[in-house]
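Below is one structure; the comments refer to it alone.
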Amino acid sequence: MIDVVYFAWVRERIGVPREQVETNAKTVAELVSELSAREDRYELAFSDLSAIRVAVNQTLVEFDAPLEGATEVAFFPPMTGG
Amino acid sequence: MSVRVQEQDFDLAAELAGFGDGAGAIVTFTGIVRNNPAGDLREMLIEHYPAMTKPALEQIETDALNRWQLTDSRIIHRFGALKPGAQIMMVATASTHRQNAFEAAEFLMDYLKSRAPFWKKEITTSGEVWVQGKDADVAALKRW
């Protein structure tokens with residue numbers, strides 16, 4: 001089980017801020033494919049991955065990052081701090 | 001050296017009392033909610049990723065401390081619903097000489113813009129829109 005969390009418009013499109021996902025995905029990209037195949041709202045949210053950033057265990061990573069040891073995966077738009 | 005993520009406002013003068021530890025130069029930057037070009041901004045909603053925000057800011061601060069000789073540093077970033085004119089965040093850097101303090105403050109700001117997990121949504125009288133990250137903000141990191 002992995003906790004998957006969403007922020008900003010990604011959260012709005014998926015409709016929940018957090019959920020537990022049972023997955024055998026080896027990488028973030030595989031997790032995205034699995035979720036996108038589930039329901040339209042995921043496919044819509046993940047339709048343009050260039051507009052999405054991902055963090056595994058609260059650290060920014062690329063989409064090819066492995067999920068080994070991952071307890072929390074977060075998807076969100078480019079950050080706008082400051 | 002400190003990082004705070006908070007909903008409540010901050011008082012710049014109070015933050016600077018005792019700040020610097022004998023520094024010869026203190027640089028501060030305060031970010032303010034500005035109105036949009038149409039002038040109809042009601043609120044700026046600032047969302048963040050609580051489990052990641054403080055560690056990310058602390059990492060950015062550590063990177064600055066490794067790079068410049070600073071006697072002190074502070075980052076405060078607010079979240080929640082903020083009105084136009086409200087303070088959003090501040091950075092302060094202290095050093096023996098001003099160049100280190102100026103450069104480190106700019107470095108902190110550049111990294112805060114696109115590496116700290118905050119998202120802003122403008123609530124206007126005509127609707128809501130997420131503020132998009134700017135390519136220029138990402139490009140700004142290249143100079144460091």
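Because only heavy atoms are used, hydrogens play no part in the values below, and waters and symmetry mates are left out as well, while side chains stay in. Below, chains carry the letters A, B, ... as their sequence lines are ordered, and counting in each starts from 1.
Between chain B and the options A74(A), P78(A), P77(A), the largest number of non-hydrogen pairs under 4.5 Å is found for P77(A).
Under the 4.5 Å side-chain heavy-atom criterion for ILVMFWY residues, no single connected hydrophobic cluster contains both Y42(A) and L44(A). No single ILVMFWY cluster, assembled from side-chain heavy atoms under 4.5 Å apart, contains both I75(B) and M52(B). When the side chains of ILVMFWY residues are joined at heavy-atom separations under 4.5 Å, either directly or via intervening members, I2(A) and V16(A) end up in a single hydrophobic cluster. Taking hydrophobic clusters as Ile, Leu, Val, Met, Phe, Trp and Tyr residues chained together by side-chain heavy-atom distances below 4.5 Å, I60(B) shares a cluster with V5(B).
Under a cut-off of 6.0 angstrom, the local environment of CD in Q8(B) is crowded, with over 12 non-hydrogen atoms contributed by other residues, nucleotides or ligands. The environment of Q6(B) atom CD is dense: over 12 non-hydrogen atoms of other residues, nucleotides or ligands sit within 6.0 angstrom. The number of heavy-atom neighbours closer than 6.0 Å to CG of N24(A), taken from other residues, nucleotides and ligands shown, is 12 or below. Under a cut-off of 6.0 angstrom, the local environment of CD in Q69(B) is sparse, with at most 12 non-hydrogen atoms contributed by other residues, nucleotides or ligands. The environment of CG in D9(B) is crowded: more than 12 heavy-atom neighbours from other residues, nucleotides or ligands sit within 6.0 Å. Remark: R98(B) CZ is loosely packed, at most 12 non-hydrogen atoms of other residues, nucleotides or ligands lying under 6.0 Å away.
Neither the backbone nor the side chain of R53(A) comes within contact range of chain B; no heavy atoms are under 4.5 Å apart. Using a 4.5 Å cut-off between heavy atoms, A8(A) contacts chain B through both its backbone and its side chain.
Classified by interplanar angle (parallel below 30°, tilted 30° to 60°, perpendicular above 60°), the ring pair F7(A)/W119(B) is parallel.
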Side-chain atoms of residues 126-140 of chain B: list all donor-acceptor pairs with protein atoms under 3.5 Å, sequence neighbours left out, distances to 0.1 Å.
from, atom 1, to, atom 2, distance (Å)
S126(B), OG, T124(B), OG1, 3.2
E128(B), OE1, K121(B), NZ, 2.7
W130(B), NE1, E12(A), OE1, 2.8

Only pairs under 3.5 Å count here: list side-chain donor-acceptor contacts from residues 15-30 of chain B, not counting sequence neighbours, and write none if there are none.
from, atom 1, to, atom 2, distance (Å)
E15(B), OE1, R4(B), NH1, 3.3
E15(B), OE1, R74(B), NH1, 3.0
E15(B), OE2, R4(B), NH2, 2.8

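Proximity to chain A among residues 33-48 of chain B is limited to E47(B), H48(B), judged by heavy-atom separations below 4.5 angstrom. Taking non-hydrogen atoms and a 4.5 Å limit, the residue list of residues 102-118 of chain B in contact with chain A, ordered by number, reads M109(B), L112(B), K113(B), S114(B), R115(B), A116(B), P117(B), F118(B).
For the pair K120(B) and G81(A), the tightest heavy-atom approach, listed with the atom from each and the gap, is NZ-O, 3.4 Å.
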